Amino acid sequence: MSNILVIAEHDGKNLSASFAKLMGAASKLGGEVTAIVAGSGVDDIVNKVAQTAGVTKVVVFDDTSFVRPTAELWVENLAPLASGKTHIMAAASTYSRGGLARLAARLKTVMLSDIVAINGADSFTRPIYAGAVNADIKVNPGSEPIVMTVRFSSFDAASEQAAADIEKQTIVAAKVANSSTDLQTSSSERPDLGSARVVISGGRGVGSKENFALIEKLADTLGAAIGASRAAVDAGYVSNDLQVGQTGKVVAPALYFAIGISGAVQHLAGIKGAKTIIAINKDPNAPIFGVADYGLVGDLFTIIPELIEQISKEKAA
Amino acid sequence: MKILVGFKRVIDYHVTARPNAAGTAVDLAGVKMAPNPFDEIALEEALKIRDAGNASEVIAVAIGDDKTPETLRTALAMGADRAIHIPHSGDLEAFEVAKALTEIAKQEGCELILLGKQAIDTDNGQTASMLAELLEWPQALNAFTIKLENKQAEVTCEIDGGLETFSFSLPAVISVDLRLNTPRFVKMPDIIKARAKQIDTIEYAFIPSRVTINKVFTPQQERKKLMLETVSDLTKQLEGQL
Ligand SMILES: Cc1cc2nc3c(=O)[nH]c(=O)nc-3n(C[C@H](O)[C@H](O)[C@H](O)COP(=O)(O)OP(=O)(O)OC[C@H]3O[C@@H](n4cnc5c(N)ncnc54)[C@H](O)[C@@H]3O)c2cc1C
Ligand SMILES: Nc1ncnc2c1ncn2[C@@H]1O[C@H](COP(=O)(O)O)[C@@H](O)[C@H]1O
């Protein structure tokens, strides 16, 4: 039977949507789940976690040092909880990856990044080579705990349950000094890119930061999140945290609009989980059309305003 | 101060990886190889730090097969002072890479290690943290800017929701992201000059991977691939979903 440790991410106010899906992944392994919530004044989040189906126990790292924890702090506090565990899981995010990799080295154990399928307690699938291929992998016996980050969008969310037990953990200070001294988060009224139902992404074809307002207008018409290609981010049209792809965000919306994006393999790596892909590009030979469900060849500056108008009309009707 | 830079030989990023006929690995026969793009950024940053007078030597290190010295020649042509090749072919866990790099860092007395945020073949993104843990040094991942002053580092990192700055003192491990810099182009005279530079070979006893790849396959993408004529065609197709 599995005995799993799962990190519950949150932003200090709300539990991340990733957690229920991580628990969905954990349910494929079965067994006991200890969920970790770290932060300060996070009682509401702790309660939500305790009420997520499959959670056996919640362990809380309640300390101001965990408001913006460093990997050096995580490893010191997670390592004591690792004994007897078969799996240690977190979302495939920059937040969790550094701490878990450090933990895996501390425990001298195996680490697997970006799991997209769980085929057994020791068998998993993960994308490699920018997602051009997937690999089915098996971990040798005796390599536990298996530390892994999970592409949560590949899993169904767990439901609710009666609250599990909650336990406070005494915090150990980090042995290696490092501190987070500044945080700039891009606050947005729009839905979160990682969990949005509709994502509108613009690429180099949008042409300028000013022109990106057109993408934003379409996003607002649809209540969608905004994404971008690396070229658009590099050109300064939008901030870096909106980059979709191999080295950016992985999205799995019901509808993904790729507008003025050519469809490089590194970009496609981030959109494989999209249910329906719509490509708008003036080049009929753009590779994006080869992976899209619906393609429109033409100038985005005529197509997008027309699309906005049609959708607005329909919504008004 | 010496800087160590990871410089992995990987499939060229323009090439789309395909499984071999047996579906057991990616087919690399005759495929164009290149330095890991993130490692070129790491090296560029190391060279900048050296050339600003904050480091005495930049050493590029690569673990890989007998073609790997070719890739290290690129590092030398870019401006690395020396290169180290650790021979190994086949899969390796990031943990093993980290262990080998730990040895080199200790032998050489390096105080800063710059790695890529991920190798574009394994897409692990683990080595930097593991190396930092083994050395008991601080880490900063996905660097967007790096400021060094008197062995104090201030590194702004790309995170999920924006940017976060970390402050720590060297020695340290930093992994770099795409926007840190633009690597220089290698010019012909640099390539010729690099021929005189040294590539040392150092053996390391790697433990075979504890993870077996059973199957490599191209994910099935069932896409409609319908080309439409007008915006109305699109809104019709998406009716009820917009
Ligand atoms: C290590 C590495 C990692 C990378 N990671 C990522 C990643 O995570 N995400 C990512 O996106 N990229 C990534 N890239 C970059 C990737 O290789 C491509 O360079 C990038 O995706 C291209 O962006 P683009 O499609 O916007 O630009 P382009 O390739 O320049 O395409 C622009 C498109 O816009 C179209 N267009 C122009 N004007 C109009 C118009 N008026 N109307 C309609 N269409 C128009 C053009 O026909 C063209 O197809 C990475 C690269 C490397 C080396
Ligand atoms: N075989 C290798 N040789 C040299 N450096 C490596 C090797 N493998 C990984 N690295 C370094 O570690 C970084 C991250 O790799 P990974 O953790 O495998 O994604 C790479 O960008 C390199 O800087």
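A quick note: this is a predicted structure, and the numbers were derived from the prediction, not measured. In the text below, chain A, chain B and the rest are named by the order of the sequence lines, each starting its count at 1.
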For Thr122(B), does its backbone N or O pair with a side-chain atom of Arg126(A) as donor and acceptor, under 3.5 Å? yes
Can any side-chain N or O of Lys108(A) pair as donor or acceptor with the backbone N or O of Phe95(B) at less than 3.5 Å?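 Between the backbone of Phe95(B) and the side chain of Lys108(A) there is no qualifying donor-acceptor contact (under 3.5 Å).
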Less than 4.5 Å apart, side chain to side chain, heavy atoms only: is that true for [X] and [Y]?
X: Arg179(B); Y: Val233(A); result: yes
X: Asn240(A); Y: Leu163(B); result: yes
X: Met111(A); Y: Asn124(B); result: no
X: Leu238(B); Y: Ile278(A); result: yes
X: Ile128(A); Y: Asp121(B); result: no
X: Glu93(B); Y: Val110(A); result: yes
X: Val133(A); Y: Arg18(B); result: no

Going by salt bridge (charged side-chain N to carboxylate O under 4.0 Å, His left out), name the pairs with one or both residues in residues 36-48 of chain B, residues two or more places apart or in two chains. Glu44(B)-Arg184(B)
One thing to verify: whether Lys175(A) and Glu136(B) come together as a salt bridge, which I'm taking to mean a side-chain N less than 4.0 angstrom from a carboxylate O. no
Heavy-atom proximity to chain A below 4.5 Å, by part of Ser232(B):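 The answer is both parts of Ser232(B).
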Please evaluate residues Asp160(B) and Thr94(A) with respect to the criterion side chain to side chain donor-acceptor pair (under 3.5 Å), reporting the C-alpha separation (whole Å), side-chain torsions for both, the decisive distance (0.1 Å), and the verdict. CA-CA 6 Å; Asp160(B) 298 319; Thr94(A) 58; 3.0 Å; yes
Any residue of residues 266-276 of chain A which, by heavy atoms, sits under 4.5 Å from chain B: Gln266(A), Ile271(A), Lys272(A), Ala274(A), Lys275(A), Thr276(A)
Counting heavy-atom pairs closer than 4.5 Å to chain A, which one of Thr230(B), Leu178(B), Val10(B), Leu134(B) comes out on top?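 Max contact count across the listed options: Leu178(B).
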My understanding is that only residues two or more places apart in sequence, or in another chain, count here; which of them pass side-chain hydrogen bond (donor to acceptor under 3.5 Å, both in side chains) with Glu133(B)?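 Glu133(B) satisfies side-chain hydrogen bond (donor to acceptor under 3.5 Å, both in side chains) with Arg102(A), Arg106(A) only.
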Name of the residue among Val139(A), Asn140(A), Asp136(A), Ile137(A) meeting side-chain contact (heavy atoms from CB on, under 4.5 Å) with Thr212(B): Asn140(A)
So, for [X] and [Y], which heavy atoms are closest and what is the spacing to 0.1 Å?
X: Leu28(B); Y: Tyr129(A); value: CD1-OH, 4.1 Å
X: Gln237(B); Y: Tyr294(A); value: OE1-OH, 3.3 Å
X: Thr16(B); Y: Ala132(A); value: CG2-CB, 4.0 Å
X: Trp137(B); Y: Val176(A); value: C-CG1, 3.4 Å
X: Glu72(A); Y: Pro138(B); value: OE2-CA, 3.2 Å

Salt bridge (Lys or Arg N to Asp or Glu O under 4.0 Å) against Arg223(B), all qualifying residues, sequence neighbours excluded: Asp293(A)
Polar side chain donor-acceptor pair, [X] to [Y], under 3.5 angstrom:
X: Thr165(B); Y: Thr181(A); value: no
X: Asp123(B); Y: Gln246(A); value: yes
X: Arg97(A); Y: Gln118(B); value: no

